[in-house]
Structures are given as C-alpha cells and as structure tokens.
Amino acid sequence: MTEFEERIATVLDELGPGDVVTYGEVAAEAGQPGAARAVGRYLRDHGSGHPWWRVVTVSGRLVPHNEDEHARRLRAEGVQIVDGRVRPG
DNA sequence: TATATGACGTTGC
DNA sequence: AGCAACGCCATAT
C-alpha cells in the first residue's frame, strides 16, 4: 500500500451521496495529477470496499465493465444517467 | 532495463 | 459530439 493508494482510498471516502468525480480529479486530490490510470488500476484491484461507483471518466462515461451496475448505483444516489453517461450539469 | 497492458486524459480533426 | 493518436502512472512478464 503506497501513499498514493492511501490517498485514493481517502479521497473516495471523502465523497458523499450524489457526489461524482473523475479519475483525474481523484488522482489530482491524491497528489498525482495525470495518474488517472493508476486510480483505475487501484479501483480494479482494491475497488472493493470503496465507493468506486462515484468515480467516472472525464466524459461522464461509466466503467465499461459494470456500466449497468454503475448506472444503477449512481441513480440510487440521485445521479441522473443518460445513455450510460452521467448527465452533464 | 525493455516491452506490453489497463476502471484514463488531453489534443487534433 | 465522436474518433484516433499520443502521453501519463503503475504492474506484470
């Protein structure tokens, strides 16, 4: 567990219901702007146990692996989903 | 050390 | 708005 990973977990924990952030945002908050891929890698490996569904791509695109499940979790928190993408607001 | 891959982001068209 | 190419960080072989 590196500091970067701990930061990611902390940032995810800082998120609340209805709040959505992008991988880049999480990476930047974690102290590594541009390490969006590292964030995705982390969620893919340690995503379990953290609100990974509140993380989307910069285009509002949901994860291509669980986009259905992802969309439901967001809608369950009041986030509007359109065509598998977070509604631009 | 180098090559290949991935829950990404930005730039150019 | 959508597609393609390159760049970034970290891991696996």
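We use all heavy atoms of the structure for the numbers below, so side chains are in, but hydrogens, waters and symmetry mates are not. Chain naming here is simple, since letters A, B, ... match the order of the sequence lines and numbering starts at 1 in each.
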Side-chain donor/acceptor of A:R37 to base of B:dG6, under 3.5 Å:
yes

Full working for side chain to side chain contact (heavy atoms under 4.5 Å, CB included) between A:V55 and A:T22
CA-CA 5 Å; A:V55 184; A:T22 70; over 6 Å; no

Rounded distance (Å) that lies between atom C1' of C:dC9 and atom CD of A:E3:
16 Å

For A:R87, which of A:L74, A:V82, A:I81, A:V79 qualifies under side-chain contact (heavy atoms from CB on, under 4.5 Å)?
A:V82

Here the distance between atom C1' of C:dG2 and atom CZ of A:R61, to the nearest Å, is 12 Å

What is the distance, rounded to the nearest whole Å, between atom CG of A:D45 and atom C1' of C:dT11?
10 Å

Picking from C:dA10, B:dG9, B:dA7, which would you name as closest to the side chain of A:T57?
B:dG9

Lys/Arg-Asp/Glu bridge criterion (N-O < 4.0 Å) met for A:R73, A:E77
no

Are side-chain heavy atoms of A:W53 and A:V63 found at a separation under 4.5 Å?
no

Separation of atom CZ in A:R87 from atom C1' in C:dA1, rounded to whole Å:
17 Å

Whole angstrom value for the distance that separates C1' of C:dC8 from CZ of A:R41
14 Å

A:R41 and A:E5 ion-paired at < 4.0 Å
yes

Just how far, in rounded Å, is P of B:dA7 from CZ of A:R73?
18 Å

Taking for each residue the nucleotide of DNA chain C with the nearest heavy atom, is it A:Q32 or A:P88 whose nucleotide lies nearer the 5' end?
A:P88

Watson-Crick or G-U stems involving DNA chain B, each at least 3 pairs long, distances under 3.5 Å, ordered by first number:
B:2-6 with C:9-13, B:8-13 with C:2-7

Do side-chain atoms of A:R54 reach the backbone of A:G16 as a donor and acceptor pair under 3.5 angstrom?
yes

Nearest-angstrom distance from the residue atom CG of A:L43 to P of B:dA7:
11 Å

Answer with base, sugar-phosphate or nothing: what part of the nucleic acid does A:R85 contact at a heavy-atom distance below 4.0 Å?
sugar-phosphate

Under 3.5 Å donor-acceptor, A:H70 side chain and A:L62 backbone
no

Could you state the CD1-C1' distance from A:I8 to C:dT11, rounded to the nearest angstrom?
13 Å

